[in-house]
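Counting from 1, the numbers follow the sequence of the chain as shown. Every number for a ligand or one of its atoms is a count from 1 in the order of the listing.
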Amino acid sequence: MSDAVLNPAQQALLEQIRTPAGAPRFFKPGFVAELRSDMEAQLAPLATALTEIDADGVAASRDQLFLSKSLIERVLGCESKFLADDAIPFEWSIPIAKGTLAHRAIELIATSERVRPPLELIDEAMARMQAEGTGLGGWLALASAETLAEIRGATNNLVLSFCETWPPLKRRWMPAVEFPLRAEFCGGTIVCGGKPDITLGTAHGHEARKVIVDLKTGARRAEHRLDLRFYALLDTFRVGTPPRLLVSYYLDQGQLESELVTEALLEATVDRVVDAAHRVVDLRRERRAPSTAPGTHCRWCPLNASCPDAADLSRSDSD
Ligand code: SF4
């Protein structure tokens, strides 16, 4: 499909994410190596704390700390809620399932030779996941026909919105869906990982060109931008050249929020991740008592009924 047949929403999105001609972005030489070494140095005390030393002074065992975007957001939110949530086992639900299934269907859009109706993509994604039998696939395989129909309908809305408002993903843009990013520190004791929803383009030598996109539903939140910055940091360490642009795309509004990647943005992200890592280790090892931080997240907190600091959300209709 050529740009000429794009609808206004698709055309506007394309204009906002494409690399402007004559405005290449470069980072100062040595910046990425310095950034990595700064992060390693700040995490080093934690690697020591995670290592058990035996009576002979030899490292006998080492715990691994894995940091994801959601773990970082949770521990930097309310520490008491973070620990309470830790104790609750994960369970699939329709709202979580529809997002995961939509990503799988969009992956089929990115790799498909032809334009296909969303429901066809969703059914194929669902069948593939059920055949795999793990994670969501295992849950879907046991779900009732009514639940499957509800998930199919909710997912269709997301995938249809993507098809309506995104230009077709051309192969020359090198689209990737849920590309796994991973960065290891301190000899693998501390690992950061995540999968951005979509990446477009790649660095051209030292010129930043990649666009990282997260697809969102519902209200805009500041954390969405922070999630993308985390991905940008991981991709910077992986490739050696940072991405160019970070995009939160709100499917039900057909709107995006974007920001250019800068050196200051990446440095601030290192500080945020290091802060989160220290908090996780301190709290899980009971080195100090957790603090509380009231907010809209009190609504979903398992401690809400007993917490003296719980926010009064009775008159709030936010989120
Ligand atoms: S109710 Fe609110 S302040 Fe209290 S622990 Fe939960 S999230 Fe934190």
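Evaluation of the side chain to side chain donor-acceptor pair (under 3.5 Å) rule for Gln16 yields no partner, not counting sequence neighbours. Applying the side chain to side chain donor-acceptor pair (under 3.5 Å) rule to Asp123 yields the partners Arg152; only residues at least two apart in sequence or on another chain are considered.
Around atom 6 (Fe) of ligand 1, the protein contributes the following N, O or S atoms at distances under 2.8 Å: Cys301 SG.
Using modelled atom types, one finds a donor on one side chain and an acceptor on the other under 3.5 Å when comparing Ser291 with Glu79.
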Could you pull out every donor-acceptor pair under 3.5 Å between side chains of residues 86-96 and any protein atom, sequence neighbours left out?
residue : atom : partner : partner atom : Å
Asp86   : OD1  : Arg74   : NH2          : 3.3
Asp86   : OD1  : Arg284  : NH2          : 3.2
Asp86   : OD2  : Arg284  : NE           : 2.9
Asp86   : OD2  : Arg284  : NH2          : 3.1

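Residue-environment remark: CD (Glu178) exceeds the threshold of 12 foreign heavy atoms within 6.0 Å.
Checking side-chain atoms of Ser306 against main-chain N and O of Leu303 turns up a donor-acceptor pair under 3.5 Å.
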